[in-house]
Undergrad: 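One structure is given below, represented as structure tokens, and several questions about it will come after.
Values below: every heavy atom of this structure, side chains too, minus hydrogens, waters and symmetry copies. A, B, ... follow the sequence lines: proteins, then strands. Residue 1 opens every chain.
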Protein chains: 2
Amino acid sequence: MQDPFECTPTDHQHCISSALARAESLCRQQQVRLTPMRRRVLELVWQHHRPVGAYALLEQLQQQGRAAPPTVYRALDFLQSQGLIHRLESLNAFIGCAQPHRPHQGQFLICQSCQSLAEITDDGIERAIDAGARTAGFTPSNQMVEIMGTCASCRQQGATDV
Amino acid sequence: MQDPFECTPTDHQHCISSALARAESLCRQQQVRLTPMRRRVLELVWQHHRPVGAYALLEQLQQQGRAAPPTVYRALDFLQSQGLIHRLESLNAFIGCAQPHRPHQGQFLICQSCQSLAEITDDGIERAIDAGARTAGFTPSNQMVEIMGTCASCRQQGATDV
DNA sequence: CTATGTAATGTTATAATGTAACACTACATG
DNA sequence: CATGTAGTGTTACATTATAACATTACATAG
Ligand SMILES: [Zn+2]
Ligand SMILES: [Zn+2]
Ligand SMILES: [Zn+2]
Ligand SMILES: [Zn+2]
């Protein structure tokens, strides 16, 4: 289960290990090196399984030796370039991607109540954006969609809590 | 003409003055105070008529006396709360809104070649996002859409330049 | 008109995020 | 071994944003 809205502690070990396995395989395919540092950063990103900032990752790295900002940012840049993580612009944070094998720019559902996040890939949204931009005479190359709101489980709790 | 893709120097004085007039009127309606500082910041934002960072505005303020970051950020917060400007998350920058009277969260077309920006309000996009989110069990309250690409005039130039 | 309270701004310091520049190391290849 | 390249370490700094508290402007009540 890749969706943090649903992922339980037991599932979660699987989130991490399968993400790492996909990354290994993908990097072999692409002939790029998933070095120990890059692998470690990806592992940390998936351990959180929610948006996590560069400096939070840095602190964790520092618990096992020295580390400085450029190290983290380089690893994040690499992971992003391979599609293994996404950057959330509105949060200055990063999240693991569950479908790194097919390049995409997902849409992100950010729960304002529990801070969890889910990624969707909705053709309808992408087509609507492409059409809207072209209507304005603009040729889009890249879209960023971040949707704030309330996830299903928080909405249910909210309904019973109050 | 509010679109920076099109706005000429002559038009542009009108961009600024009409934006300020709309702001005055809107703030009177809402019974909030468009103080000299807030008005000045809004004027600077419209003078640029493209995404502008808080510290760029600060520097301009400092040319006419002292000013510190909180002053600018407070003015920007106020302007944003009244819908007079939008914040572009992917650029850490701000842009004047040409339709502050009706609340909305526009979609932004960011030209990667000339750094100009246009805002559109496309129902199709908003509906697609709303539908996509609800399909995932998510209740959206707020959407952020920033579209990178090439504006019409840059595309034409590119076609002839190369 | 003064007193009082609230909104707005000034001021200082600092937090949080991100990068430039250069040194060093690991590793492949000839 | 010599050489080149990719990756990482290290230092310093740039950029963006906010916390905390002092001061000022302005409205309204007495
Ligand atoms: Zn998980
Ligand atoms: Zn993804
Ligand atoms: Zn203009
Ligand atoms: Zn707008």
Undergrad: Any N or O donor-acceptor pair linking the side chain of B:Y55 to the base of D:dA17 at under 3.5 Å?
TA: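 Under the 3.5 Å cut-off, the side chain and the base do form a donor-acceptor pair.
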Undergrad: Tell me the side-chain hydrogen bond (donor to acceptor under 3.5 Å, both in side chains) pairs involving residues 122-138 of chain A, sequence neighbours left out?
TA: A:Q107-A:E126, A:D130-A:R134
Undergrad: Taking side chain to side chain donor-acceptor pair (under 3.5 Å) as the definition, give me every residue that meets it alongside B:R39, ordered by chain and number, with sequence neighbours left out.
TA: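 Residues passing side chain to side chain donor-acceptor pair (under 3.5 Å) with B:R39: B:E24.
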Undergrad: Looking at C:dG10, I'd like to know if its phosphate oxygens (OP1 or OP2) sit under 4.0 Å from a side-chain N or O belonging to B:T71.
TA: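 B:T71 to C:dG10 OP1/OP2: side-chain N or O found under 4.0 Å.
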Undergrad: Taking the nucleotide of DNA chain C with the closest heavy atom to each, which residue, B:P36 or A:L91, is nearer the 5' end?
TA: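 In this pair, the answer is B:P36.
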Undergrad: Would you say B:N92 reaches D:dT15's phosphate, i.e. side-chain N/O to OP1/OP2 under 4.0 Å?
TA: no
Undergrad: Tell me which of A:A56 and A:P70 sits closer to the 5' end of DNA chain C, going by the nucleotide each one is nearest to.
TA: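 Closest to the 5' end, via its nearest nucleotide, is A:A56.
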Undergrad: With sequence neighbours left out, write down each residue that passes ring pair (Phe, Tyr, Trp, His ring centres under 6.0 Å) with A:F108, or none if nothing qualifies.
TA: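 In terms of ring pair (Phe, Tyr, Trp, His ring centres under 6.0 Å), with neighbours along the sequence ignored, A:F108 is linked to A:H86.
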Undergrad: Give me the atom names and distance for the closest heavy-atom approach of A:P51 to A:I95.
TA: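 Closest pair (atom of A:P51, atom of A:I95, distance): N-CD1, 3.7 Å.
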Undergrad: Taking only nitrogen or oxygen atoms into account, show me every contact under 3.5 Å that the protein makes with nucleotides 23-30 of chain C, one pair per line with its distance.
TA:
none

Undergrad: Could you tell me which residues satisfy side chain to side chain donor-acceptor pair (under 3.5 Å) with B:T71, sequence neighbours excluded, listed by chain and number?
TA: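 B:T71 satisfies side chain to side chain donor-acceptor pair (under 3.5 Å) with no residue once adjacent residues are dropped.
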Undergrad: Tell me, please, which residues at least two apart from B:H12 pass ring pair (Phe, Tyr, Trp, His ring centres under 6.0 Å).
TA: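 Ring pair (Phe, Tyr, Trp, His ring centres under 6.0 Å) check on B:H12 returns B:H49.
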Undergrad: Starting at atom CE of A:M37, determine the distance to atom P of D:dT10, rounded to an integer number of angstrom.
TA: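 About 10 Å, once rounded to whole Å.
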Undergrad: Determine: side-chain N/O of B:R87 to OP1/OP2 of D:dA17, distance under 4.0 Å, yes or no.
TA: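 Affirmative; the distance criterion is met.
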Undergrad: Can you tell me how far C1' of D:dG7 sits from CG of A:L79, to the nearest Å?
TA: 14 Å
Undergrad: Which one, C:dG10, C:dT17, D:dT11, comes nearest to the side chain of A:A68?
TA: D:dT11
Undergrad: Atom CD of A:Q62 to atom C1' of D:dT8: distance rounded to whole Å?
TA: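 In whole Å, D:dT8 C1' and A:Q62 CD are 15 Å from each other.
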